[in-house]
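Below is one structure, written out as structure tokens; comments come after it.
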There are 2 protein chains.
Amino acid sequence: MPYCYNYPRPAVSSDCVIFGFDGFQLNVLLIERKNDPYKGYWAFPGGFLEMDETSEQCARRELEEETGITDACLEQLYTFSGLERDPRGRVVSVAYMALVRQSSIRPVAGDDALQAQWFPVNSLPKLAFDHDLIFRTAMQRLRQKFCYQPIGYELLGEKFTLPELVRLYESVMDQRVDRRNFYRKILRTGLLVLLEERTSGVPHKPARYYQFDRSRFEMLKKNSCFSLISRLPETLAAK
Amino acid sequence: MPYCYNYPRPAVSSDCVIFGFDGFQLNVLLIERKNDPYKGYWAFPGGFLEMDETSEQCARRELEEETGITDACLEQLYTFSGLERDPRGRVVSVAYMALVRQSSIRPVAGDDALQAQWFPVNSLPKLAFDHDLIFRTAMQRLRQKFCYQPIGYELLGEKFTLPELVRLYESVMDQRVDRRNFYRKILRTGLLVLLEERTSGVPHKPARYYQFDRSRFEMLKKNSCFSLISRLPETLAAK
DNA sequence: AATCTTAGTGTAAATTTAACACAAAGCTAA
DNA sequence: TTAGCTTTGTGTTAAATTTACACTAAGATT
């Protein structure tokens, strides 16, 4: 026990909630734990902080070690510090989340993981530690972000069709979206660039591909704001 | 050095960014540090995590010890884990923020603090540690929240007038707001309850007092969502 | 009683939303 | 080859909201 301090310290770890979209449903990436505690349980990839890395670097490192993913754009989600999170003792975990193109990622189990696998968000296995709480927090945050930011392009390919985008929104928000109104709304933002290519081999009218205009997005993010509750659903306003 | 572990561990702390509003400008509560490092510098109240408390409980405890504030509603802001945050060694800090009624709080220095004092957000002294980064993060988050949530009532009294509310919004967002349109918007949400009382002793028409309907707010928070970028300012949409 | 200052209400045009209908384009199967 | 099926893309219209204003009201001061 070579590391000694004047006061007790919790261990610090990072965990990653990685969202992917397969064209039909929203998934998260889980690993099966190779070691105790919770051996054999599924959990989010993560591990202990080392002294020469930030919490985000730790998340990125553990993600690569356990799943092979290297280029996810991580965003800090929340820090969990419950007293009984981990049977080994006090562990404070900084959770991160990321949206990735599921198709471009082939998760490979490594290190502490028996296997890495995608699970649909509405049928997860029993999770280790307090990862169920982490998952619910991530889901909530993801939905919030979808409400007021036209994000989610990280979840699709470099190019995508509007119908795909609608399905993504419907999956995440778990509610029906009017295609036609949605198209207009999203196109009016000017964030999508129309490409020449179309889908092919489909037994119906082919869809056009679009690309996300990241530079315009950054520009807009700086300026747009202030609307004070964007709009109140009529049904609620009446009450 | 009685606390020993197999692997090195960072210390974990909590810091609190407390926002207050004095009717004219937005302020934050700072303490002057009694001890090194950064002795004599101003900093956000905070301190080290103890083993029998969560990170939020730690924030609440330190806030009380150093400023006497007991009933702030803390919200987790962000966790800072930079390698060089603290000259004493590796410290990971979980930052919280809260909005309080400045008038109802008389900050009292205690414990590690020489004094506790409100500072206008646009003229802060030099801050200890990376607290300048924490402040900018908090300010950004506060503005974001004001954009899509009719919050900020914690910053005003139990009862308040619409002109006060406008001044609050103008202070936080640092931009002009059209009184008349703002009134309509905010009233339409149904979140404000008109009281009988009016301001008195003012050399002009007295303003009416309103009260925030917290239960309706909770109800709305559950249901409202999904607008996909509330609205795009015309000036930007044109580009 | 006139004046000054801020509070509260109203109006009209432009924009956006919500809820639809319909034409277009590709494959399939008779 | 053509009718039929499916999904995509584009309009249309009424209702609601936003924006940008002008005007009246109420209290204190001179």
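Residue numbering restarts at 1 for every chain, and letters A, B, ... go by the order of the sequence lines.
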Side chain of [X] (C-beta onward), nearest among [options]:
X	options	value
Lys205(A)	dT18(D), dT7(D), dT10(D)	dT7(D)
Arg184(A)	dG9(D), dA18(C), dA20(D)	dA18(C)
Pro163(A)	dT10(D), dT8(D), dG8(C)	dT8(D)
His204(A)	dA26(D), dG9(D), dG26(C)	dG26(C)
Lys185(B)	dG8(C), dA19(C), dT19(D)	dT19(D)

>> Leu30(A) and side chain to side chain contact (heavy atoms under 4.5 Å, CB included): which single residue from Ile18(A), Val17(A), Thr67(A), Leu127(A) fits?
In response: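 The side chain to side chain contact (heavy atoms under 4.5 Å, CB included) with Leu30(A) is passed solely by Leu127(A) among Ile18(A), Val17(A), Thr67(A), Leu127(A).
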
> When you match Arg167(A) and Asn181(B) each to their closest nucleotide on DNA chain D, which lands nearer the 5' end?
Replying inline: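 This one resolves to Arg167(A).
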
> If you find the nucleotide of DNA chain D closest to Glu164(A) and the one closest to Arg179(B), which residue's nucleotide is nearer the 5' end?
Replying inline: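 The 5'-side residue here is Glu164(A).
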
> Is there a donor and acceptor pair closer than 3.5 Å between the side chain of Arg180(A) and the base of dA21(C)?
Replying inline: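 Indeed there is one.
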
So, [X] side chain and [Y] main chain: donor-acceptor pair closer than 3.5 Å or not?
X	Y	result
Arg143(B)	Asp174(B)	no
Arg141(A)	Leu77(A)	yes
Arg198(A)	Ala207(A)	no

Report the distance from atom [atom1] of [X] to atom [atom2] of [N], rounded to the nearest whole Å.
X	N	atom1	atom2	answer
Asp178(A)	dT12(D)	CG	P	17 Å
Glu170(B)	dT6(C)	CD	C1'	14 Å
Leu195(A)	dG9(D)	CG	P	12 Å
Phe24(B)	dT6(C)	CZ	P	10 Å
Leu187(B)	dT18(D)	CG	C1'	16 Å
Leu165(B)	dG8(C)	CG	C1'	15 Å
Tyr183(A)	dT12(D)	OH	P	19 Å
Leu194(B)	dG8(C)	CG	P	9 Å

> Is Arg208(B) touching bases, backbone alone, or none of the nucleic acid, heavy atoms closer than 4.0 Å?
Replying inline: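 Result for Arg208(B) = sugar-phosphate.
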
> Under 3.5 Å, is there a donor-acceptor pair linking the side chains of Ser14(A) and Ser55(A)?
Replying inline: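 Yes, because at least one side-chain N or O of Ser14(A) sits under 3.5 Å from a partner of the opposite role on Ser55(A).
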
> Of Pro206(B) and Val202(A), whose closest DNA chain C nucleotide lies nearer the 5' terminus?
Replying inline: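 The 5'-side residue here is Pro206(B).
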
> Does the side chain of Arg188(A) get closer than 4.0 angstrom to OP1 or OP2 of dT17(C) through an N or O atom?
Replying inline: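 Indeed, a polar side-chain atom of Arg188(A) lies that close.
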
